Amino acid sequence: MSITYLEAIREAQAKALADDSRVFIYGQDIGSFGGAFKATKNLAAEFPGRVLDAPISEDAMIGAAVGAAIEGLRPIIEIQFADFSTVGFNQIVNQAASLFWRTNVPCPITIRLPGGGTSGGGPFHSQSLEAIYAHYPGLVVMTPATVEDAYSMLLEAVAIDDPVIFFEHKFLYYHLKAEGLPTEALPTGKARIARPGRDMTIVTYSAMVHEALKAAEDLAAEGTEVEVVDLRSVRPMDTDTIMASVARTGRLLCVGEAWPWGGVTAEVLARVSTEGFDLLDAPPQRLNAKDTPVPYHPNLWAAHRPTADSIASAARNLLRL
Amino acid sequence: MSITYLEAIREAQAKALADDSRVFIYGQDIGSFGGAFKATKNLAAEFPGRVLDAPISEDAMIGAAVGAAIEGLRPIIEIQFADFSTVGFNQIVNQAASLFWRTNVPCPITIRLPGGGTSGGGPFHSQSLEAIYAHYPGLVVMTPATVEDAYSMLLEAVAIDDPVIFFEHKFLYYHLKAEGLPTEALPTGKARIARPGRDMTIVTYSAMVHEALKAAEDLAAEGTEVEVVDLRSVRPMDTDTIMASVARTGRLLCVGEAWPWGGVTAEVLARVSTEGFDLLDAPPQRLNAKDTPVPYHPNLWAAHRPTADSIASAARNLLRL
Amino acid sequence: MPVAKKPKYTHMVHTVVSRGTVGESSSFRDTYLQAYRGMLLARILDDKLASLYRGGKIHGGVFLSRGQEALSVAVGLALKKGDIFAPLIRDSAGRLAFGETVLDAVRTCFGSPLGPMRSRDGNVHRGRPLEGLFPMISHLGAMISVVNGALMAHRFKGIKGTVGATCLGDGGTSTGAFHEALNQAAVERLPLILVIANNEYAYSTPTSSQFACRDLVDKAIGYGVRGWSVEGNELGACLNTLQGAVEQARSGQGPQLVVARLLRLCGHGEHDDSHYVDAELKAAPHGRDCLKLAEEQILNEQWADAKTVEAWRNEAVQKVEEAVAIVQREPAPDPYKENWRALASKHLGEGYSDAGSQASATGQI
Amino acid sequence: MPVAKKPKYTHMVHTVVSRGTVGESSSFRDTYLQAYRGMLLARILDDKLASLYRGGKIHGGVFLSRGQEALSVAVGLALKKGDIFAPLIRDSAGRLAFGETVLDAVRTCFGSPLGPMRSRDGNVHRGRPLEGLFPMISHLGAMISVVNGALMAHRFKGIKGTVGATCLGDGGTSTGAFHEALNQAAVERLPLILVIANNEYAYSTPTSSQFACRDLVDKAIGYGVRGWSVEGNELGACLNTLQGAVEQARSGQGPQLVVARLLRLCGHGEHDDSHYVDAELKAAPHGRDCLKLAEEQILNEQWADAKTVEAWRNEAVQKVEEAVAIVQREPAPDPYKENWRALASKHLGEGYSDAGSQASATGQI
Ligand SMILES: Cc1ncc(C[n+]2csc(CCOP(=O)(O)OP(=O)(O)O)c2C)c(N)n1
Ligand SMILES: Cc1ncc(C[n+]2csc(CCOP(=O)(O)OP(=O)(O)O)c2C)c(N)n1
Ligand SMILES: [Mg+2]
Ligand SMILES: [Mg+2]
């Protein structure tokens, strides 16, 4: 059996609904239609009354999730595109993120944000907003890169007693496949060594893991062994695994699909330079999307985000430092 | 004549209104009432029809500013507290920030955000949100620390052809005083050496500049000469001035009142570690607010944000590295 | 005892439902007196907080409910255990009526670590979510959808007959959050009671700069929910209206929009002298103090005599003074005992390396 | 030529204004024919885009206006130079009527660097702000306040008699942005025409999950603006209604909320087979194709004969084919020539050190 990243997300939701009567899903077009991307296909029929179509009201959708969580439920909210979460932003960062700290009452909600770029997506259907949410205390931010993680991390997101921002990458939806669903998984907060190597560490997450792995293959052909660390969750961020890898390789390149200013790559570099300075044989480097909105035309888009080629090129530069 | 930080903001707006007929101000309670903090005191009377009370509709306020900007005006928007900008977030980051890039039509709007903590402000009247905005390409983010900068940077914000997020710090409003208004100023994008020193660089901005300066005095008494760099604007960020200072001192501590993850301090550290690695004699360090919402009680609040004491202590630790 | 004067009836938009005879019964009188005592306690608590604020004893803002007690208490009294209540800034009376203690209120204003917000949040931002009292965040309109969500949860869980109430000002109706949430409640036909106190001002801004409809209650039509208009300073009318609205919601008739006309008889906060309030409004019928009106009615109807009312007042004063005395003896929070942890999941904490502290979870300093 | 059949009249909420005799005049006929030709061009453009999409020639989504051309064209035609128009996804016809060229449309869909969005944005996200045509961002409801701001600017600048129009779907009315902006327009009494196309669905979601009021036009009451109802597939009614609404706005009567009843005769986008659309709706009067209805009327009234209509169609086809042929020959954007600059102020660029590039502005690589 072969299963896609998108199907894994659907399966995880099916399992969460089946295993835990506190779970329900709320989002636009997710009921009988099965969602804009079909991540909830058939779930409304399988779980009557527990997969609800929402009006186009992101603020109210998140607010309602918080209220339901207070009453002991475990809502999953699907936002149609991560980009539209900006109109529900306040409820996420001020209502959900502060609830436990203010009241000692947990806020176990999962907000699914289909994010990241695809060809032709354009400025408002392509954004990678992990840094915006990770800046706020009180949120967990997951960025699964594999089919297995899409499945197991979504299940864990539902189980976690805190608001989880679950960034599922649209570029991986259909193309990424696995042989089956995992039965065990790393816990949230643990990064994964996606490929071991001795010459350099590339820290990345989500769709960029695959670009980094491709780059690593190219570099291997040139005799450079790159270690690729998949962060899995960018908050919490597994500093220990990063540091251990840098300790082995002495070189760090951090890659993110988001904009550079204050992104995941900045946070990784800040941690490594404060706490792992002496481990570094060369200045740590970062590679991000270009510092503009995400362009519509495929040619521009391909140049806007990091790719295997630009990662390999950055890695080669870093090796020369 | 002595003038406060708040009065300087009022004077800058008065001058902008007087000098440029394209300028108007729009915000809640800013008309005859003069604003929650009195930053627009008497302006409605002095400039009839150009200082407008807005309904409690932050999204529509910012949207309207963009529309007016398209038509050639230069609106200033006052949001009552920076914390409430989260409900106008979408219009700021998606509408205003993308306009020029998408259409080649500039979007010269100034969004005044009274930010930062004060005693008793609590979680929703104290936030320092500069990182959230600075992450987005297409925005300029100013964080004036002095009366002079509050005045001249606000004038420059109005003159700039791009959306400017103007963080004015509430803690400085009444207490910070200068002898008069400046007639010249550094351009936006240039940092300022607030205090020269040879042993260590502290990079900071806004209210923390004053805590850092106090810390520097204490440290001077101990024989350590700290150089304090006031970033003035966090986007653009004056990497050159930071780098030149670090080149002189070999040690960097970066201090911000915001939360740590992906904040200004992370961005500074990322830049310095990538581009100024060899300048560093010790691992660069950062000091931020605690990683929780901003607490209400003065005792907790004082421990939550960096202070002269905690900065001095961090600096001493860094000297030992 | 004479029969209660029929309270001024509320005007219903959409449907005219002929209400029962609550206004005539002795149980109405009992409710009225209970409500009055709640209003009195709230007023005295507010006055005390104002004087503590002026004395520099309270950090942060102090926001009073003066002029809005009748409306607010009616909300609190119309609710039962198991219901949800998300009060706003001017709901001292409703909170107490719903079961909040004076001690919780005072502790939160002082930032006591023993209060429900444990020094972390203050003044009106208090509540006990697990007891149905939701603590507001400052962003106006943001609590309505949270109440909706709680009511959706009740439905999921098969809990029947509960309702959720929340309050907002005239200014708050301009927020997108208000709109999305009221519409959401209408679509889901939730038992939500949304109470709008049109007190003529949003901070300093008059309603003319806030909306252009004839009356805020007309908004009900555009959402397909029932609207109720009430004179917000007339306790009897408020009690009847809220009881009616809550009954409707409880019996499955969907959201109820209650719009009360009244005047804020204080500044926006205690820092505000409210000089901008129009003298004509102060002189208008809805500018009269609801507490005085209720007291007059009680005396006129001879439901209680002046001495009894005075005794109630003293009792309330004592209650408030006791609470304040207790809280003033309580220790301030100790930042070193604070766990500085925003997540419920301990194992997911970041352990940020804090350059200012001696030891850090992961760092080298 | 026979006298024009009186178009079905629009129903006005709030005020019943007896409209003039536009429906009877020959100038009405001329407008009708002009509008029809605009609808035709839009439909043919849409059909072409759909076939290019199916042929894999267009990246990203393709969103059609099928079934909404009558309403949209009426908006575009009611506006004049100097007015503002912020169209939404289903406004091919209105855009063209307002002056957008077929070339602009095609270039944007192909992402041509020569188009107004210069490859940076695509499909329906196009416009020329300095010519009054505002390019939508995707977030529903977000354009309304932008139009408000432009109208406020006109007022500041002393420009009189201009109006601003913008369109939204039934689903878009659930957004907070819609509410804040319509209220803002009402408070400022701006000459805004807000056109709601109630096409029964928001993507797959039927209106029953979107709102609970009797009719979306009832929302007008809650904002204190005039509401207009119109059968959105009847061109004559649309022309009259929009002309009426625009006239009212232009003459200082404040915002006008126009609600049209119609059916989306396509998928949400071309990726969507719209299987979920209720067969009953397709069979209902408002499910009929506005283009066909208009053509019938033209032939019935003998305003033109079939041959003439056919000639118009061929002309439109040629126009579209020409534009597509031009654009298909245009070069794709060159990422190396792109300046990657989001700020208008060149001197404030960050010059990010890009680890992937050979040279960086400030870096060492
Ligand atoms: C979204 C948002 N914007 C601004 C504010 C600041 N603010 C707090 S109270 C207030 C006025 C509220 O007026 P109204 O809703 O009429 O309530 P009232 O104070 O009259 O009871 C404002 C503007 C806020 N809390 N939330
Ligand atoms: C704030 C926001 N949420 C979600 C979306 C995704 N979305 C795009 S179009 C659409 C449906 C719109 O329906 P409607 O407003 O009725 O317009 P129609 O497509 O029927 O013309 C949705 C949900 C969006 N664009 N903006
Ligand atoms: Mg009010
Ligand atoms: Mg629709």
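Quick caveat: nothing in here was measured; it's all calculated off a predicted structure. Throughout, a chain's letter reflects where its sequence line sits, starting with A, and its residues are numbered from 1.
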Are any side-chain N or O atoms of Y296(A) and backbone N or O atoms of C109(D), one a donor and one an acceptor, separated by less than 3.5 Å?
yes
Engaged part of A312(A) at the chain D interface, taking heavy atoms whose separation is under 4.5 Å
neither
Check: W261(A) main-chain N/O paired with Y352(D) side-chain donor or acceptor under 3.5 Å:
yes
Sort P298(A) into side chain, backbone, both or neither according to what part of it lies under 4.5 angstrom from a heavy atom of chain D.
side chain
What part of H304(A) is in contact with chain D, defined as an atom under 4.5 angstrom from a non-hydrogen atom: side chain, backbone, both or neither?
both
So H297(A) and F110(D), do their side chains get closer than 4.5 Å, heavy atoms only?
no
With a 4.5 angstrom heavy-atom cut-off, could you sort out which part of E58(A) is near chain D: side chain, backbone, both or neither?
neither
Distance in Å, S204(D) OG paired with D29(A) CG, rounded so as to fall on 0.5 Å steps
3.5 Å
With chain D, the option among G122(A), P295(A), P260(A) that has the most non-hydrogen atom pairs under 4.5 Å is P260(A)
Okay, I58(D) and chain A: the region with an atom under 4.5 Å from a heavy atom over there is side chain
So S119(D) and W301(A), do their side chains get closer than 4.5 Å, heavy atoms only?
no
Interatomic distance, CD@Q210(D) vs CG@D53(A), rounded to 0.5 Å, equals 9.5 Å
Is the backbone N or O of S174(D) less than 3.5 Å from a side-chain atom of S57(A), with the two atoms forming a donor-acceptor pair by type?
yes
Which atoms of Y203(D) are under 4.5 Å from chain A, going by heavy atoms: the side chain, the backbone, both sets, or neither?
both
Atom CZ of F84(A) and atom OG1 of T175(D): how far apart are they, to the nearest 0.5 Å?
11.5 Å
Part of V255(A) within contact of chain D (heavy atom distance under 4.5 Å):
neither
Which heavy-atom pair separates H59(D) from S119(A) by the least distance, and what is that distance?
ND1-OG, 3.6 Å
Checking N123(D) against chain A: side chain, backbone, both or neither under 4.5 Å from a heavy atom?
both
Chain A contact via T108(D) - side chain, backbone, both or neither, heavy atoms under 4.5 Å
backbone
P293(A) side chain reached by R120(D) side chain, heavy atoms, under 4.5 Å:
no
Does CD in E222(A) sit with more than 12 non-hydrogen atoms of other residues, nucleotides or ligands closer than 6.0 Å?
yes
Would H275(D) and F33(A) count as a side chain to side chain contact (heavy atoms under 4.5 Å, CB included) if you check the C-alpha gap in whole Å, the side-chain angles of each, and the deciding distance to 0.1 Å?
CA-CA 9 Å; H275(D) 61 271; F33(A) 188 64; 4.0 Å; yes
Distance-only, no hydrogens or angles: does the N299(A) side chain make a donor-acceptor pair with backbone N or O of P333(D) under 3.5 Å?
yes
Let me know if H125(D) has heavy atoms under 4.5 Å from chain A in its side chain, its backbone, both or neither.
side chain
Would you say the side-chain atoms of H139(D) pair up with the backbone N or O of D83(A), donor to acceptor, closer than 3.5 Å?
yes
Pick one of side chain, backbone, both or neither for T86(A), based on which atoms fall under 4.5 Å of a heavy atom in chain D.
side chain
Can you confirm whether more than 12 heavy atoms, excluding those of K282(D), are under 6.0 Å from its NZ atom?
yes
Minimum heavy-atom distance between P335(D) and A303(A), given as atom pair plus value
CB-CB, 3.4 Å
So which atom in L140(D) and which in I56(A) form the shortest heavy-atom distance, rounded to 0.1 Å?
CD1-CD1, 3.7 Å
Can you establish whether the number of heavy atoms outside K41(A) located under 6.0 Å from its atom NZ is more than 12?
no
